Amino acid sequence: MMTKVGFLPEETSSFVGRRAELARLETALTTRRMTTLIGPGGVGKTRLAVRAARAAADRYPDGAWWADLSPLYDDALLLPTVSDAVGLADHTLRMPVEALCEWLSDKNLLLVLDSAEHLRGPCSHLLAELITTSPGLTVLVTSRQPLGTRGEHVVRIQPLPVDGAPDALQLFEDRLRAGDPRAGLDAPGDRAAAADICRRLEGIPLAIELAAAGIGRHTVAQLATRIGTRFDAPVDAEDLTASRLDLLADDSLWPRRHRTLRTTIGWSHELCTPLERLLWARLTLLRTDFDEEVAREVCTGGPLTPHEVDRALQGLVAQSVVQRDGTRYRMLDTLREYGRMWLKELGEERAAADRHARSFLGLARRAHAGWTGPDQITWYHTIADTHLDLCAALDHLLAHDVAGAQEMAGRVGFFWACCGHLSEARGYAQRALDAGPVEGPHRTRLQWVLGVAALLQGDFATAEKYGALCTAIALYDHDDEGMLGATYLSGLTQLMNGEPAAALEAAERVLRMTETAPSDGASPEPRTTAADTSEAAGGSDADFDSDPAPVESAHRLRCRLITVFALTALGRLTESGRAAATLRRSCELGGEYWTRSYADYQLALIALLQGRPEDSATHARAMLAGKHRLRDSFGIALGLDILAAAIAAQGAGAQAARVYGTGHAYWRMVGHPQRGTPELGAVRETCELQARAAVGDAAYQRAFERGQADNAEVGLAAALHSGLQL
């Protein structure tokens, strides 16, 4: 069986019925390029799409990929969300849609867009382009309405049958037991009462699940009576509650207003305590999954103390309003929609958005402070996983608190650049600078983010401009950290422009200027310069050992990295190796992975240039392990190239070719034609010729194409395997 690749949500509860719908979807996915699964909120579109995509995944060599669109509050984040979903982290200046079309052009994959109804126009335009340019692409969409895209095949989903089929009753019983394993329909009359509940709720899965969650406060018979009373009561057109519930109606899909789901959600809302209702409303500001700490930060205020937030959250989980997966929580978009309506009725929209923005500004501060520390990888993942909330917070701050927005954009910008969100990093930094005057470190940081993002996109002229500007401002402000950051940016730009001597001179000068005595009484950091070190070639990694420096700031570590890169580019390999080894241990001391990985890269390159390919491969794999933990596709691409060269230098031609192929796939993922740093070019070419000579052109090409065709994770895992097949 083919290895499944891609990402589909896990099914955390039982799946009931839908055999006919699954058969229709299987046929549609086999014969149609684009299928839209439509139905009202709560009818089970998402669950059905997950099940259908999972069943079809093996037919797609490039996998089945899932994009949840429900948290998107406007269409600006549609392209980044879809790009993330299919593994594209484009580092170029191309239009994002152009990059996505090119990435998918030769792929044979299934793309699922869930909850597209609020972005019907933008989704339709995007999918029209993708389907036209990507002949191997199949798309499955869930929406309350068709998108109107040319060639769209619509599959309409009805509620579960309640007469003559056991599916609705089975769902009720399954959810009843999920809430309490001892519960059941064993008491006399329970099964008949449950069947009546399902009929009253017209077989709508979400309504049935909410009703089953209410059993904890009633018997099945009592619940049937209460629901019957509520549904038999006439609707008062002037009643405020009814008018609010009408917001969830979907007239375009049903010949009459469908009261059932609206009434069931309203009934579940009434079963909540006042504080649970308030929490329900406030949680709707969160776009992504959250934990208890985030819930407290965003929702605490007035009668909702932190303790009451915890209690109310568990109450909402018990009633299936909020879903829990381990320590994480999320709310279905239909219930989030209802909560937003009540938030507006309460007049709390602005206050809730202020709390949300403050919370994520605080998160940005903590992440920035934790860059050099044992939690660096955790912060990387947190920033990546809360991307939509960070964007929402920034948009709110730009409108209502410019100073907060300027601080936040500067603090998350480098994380975003490393996570592949270069366009957002650059765009928000520019918007923050344009929003109003900003002075001091916040200004320097914003300009630095702009320069780094431009550099990673290959825009060297802009990077050079902002490097000079950051240097001038940091000198004026007497800002040592600003100077170190500016020197890193300018030095990296000089290295990419083939000026290693200028980069080395500036980095060494600024490191001396900003050097301070360690507070713990340890010796100052040993500096490596041409005057201190011999130029002897060769040697082992033991030659590079020296005492590690005390914990240093992130900017200082990165500035030291410039000296390592420059020394290597100048051919001063012994000095560079010692500096890289010392830098690596400084990073280890502080728990820093990002810079450490590039120190490993340099150690791998130095070892290769010195004729030690086994050591080179060891360092390259260490780099790849670190970059994989950081989800840094650009760094992985660099690491695979140096590893392939090291393997080729050991005579394993086919294995080297496969790793080169996987590296090529990662370079495509980030949109760059380059392969490795400039100083790797000549040695890489030599090693590639060695690999071809070792196995022959035909075998080399077959292995290369295999690596290129592998799923990225599969190819990387193979590359990290240390056994050589000579």
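Residue numbers count from 1 along this sequence. Note that the coordinates shown come from a computational prediction; the quantities given were computed from them, not determined experimentally.
- Within the 4.5 Å cutoff, side-chain heavy atoms of L140 are placed close to those of L25.
- S597 contributes a side-chain N or O that, together with a main-chain N or O of Y593, makes up a donor-acceptor pair within less than 3.5 Å.
- Within the model, atoms CG of D641 and NE2 of H664 stand 10.5 Å from one another, a figure rounded to the nearest 0.5 Å.
- Judged by distance alone, the side chain of R32 and the main-chain N or O of T30 form no donor-acceptor pair under 3.5 Å.
- Counting heavy atoms from C-beta outward, K107 and Y60 have side chains that stay 4.5 Å or more apart.
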Do any side-chain atoms of residues 95-104 form donor-acceptor pairs under 3.5 angstrom with protein atoms, and if so which ones, sequence neighbours left out?
{"unit_1": "E102", "atom_1": "OE1", "unit_2": "R94", "atom_2": "NH1", "d": "2.7"}
{"unit_1": "W103", "atom_1": "NE1", "unit_2": "V86", "atom_2": "O", "d": "3.1"}

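- Look at D600 and K627 and you find no salt bridge, because none of the NZ, NE, NH1 or NH2 atoms lies under 4.0 Å from a carboxylate O.
- The distance from the CG atom of D75 to the CZ atom of R120 is 14.0 Å, given to the nearest 0.5 Å.
- You'll find the side chain of L48 stays beyond 4.5 Å of the side chain of T142, heavy atoms only.
- No side-chain heavy atom of V82 sits under 4.5 Å from any side-chain heavy atom of L88.
- Separating the CE atom in M331 from the CG atom in L286 is a distance of 8.5 Å, to the nearest 0.5 Å.
- For the pairing with T138, the side-chain contact (heavy atoms from CB on, under 4.5 Å) check across L111, N108, L110 returns one residue only, L110.
- Under the 6.0 Å distance and 45° angle rule, R47 does not count as a cation-pi partner of F15.
- Side-chain contact between H118 and R144 is absent, with no heavy atoms from C-beta onward closer than 4.5 Å.
- Ion pairing between D106 and R668 holds under the 4.0 Å rule for side-chain N and carboxylate O.
- Between F290 and Y329, the two ring planes are parallel [angle under 30°; tilted spans 30° to 60°].
- Ring geometry for F414 versus W594: interplanar angle over 60°, hence perpendicular rather than tilted (30 to 60°).
- Within the 3.5 Å criterion, the main-chain N or O of A719 finds a donor-acceptor partner in the side chain of R621.
- Remark: the backbone N or O of S14 is paired with a side-chain donor or acceptor of R175 at under 3.5 angstrom.
- With a 4.5 Å cut-off on side-chain heavy atoms, L69 and C123 count as touching.
- Taking the side chain as every heavy atom from C-beta outward, L137 and L109 approach each other to under 4.5 Å.
- You'll find the side chain of L363 reaches within 4.5 Å of the side chain of I383, heavy atoms only.
- A donor-acceptor contact under 3.5 angstrom links the side chains of T288 and D389, judged on distance only.
- If you take CG on L119 and OG on S124, they are separated by 12.0 Å, rounding to the nearest 0.5 Å.
- Closest of all the heavy-atom pairs between D333 and S70 is CB-CB, 3.6 Å.
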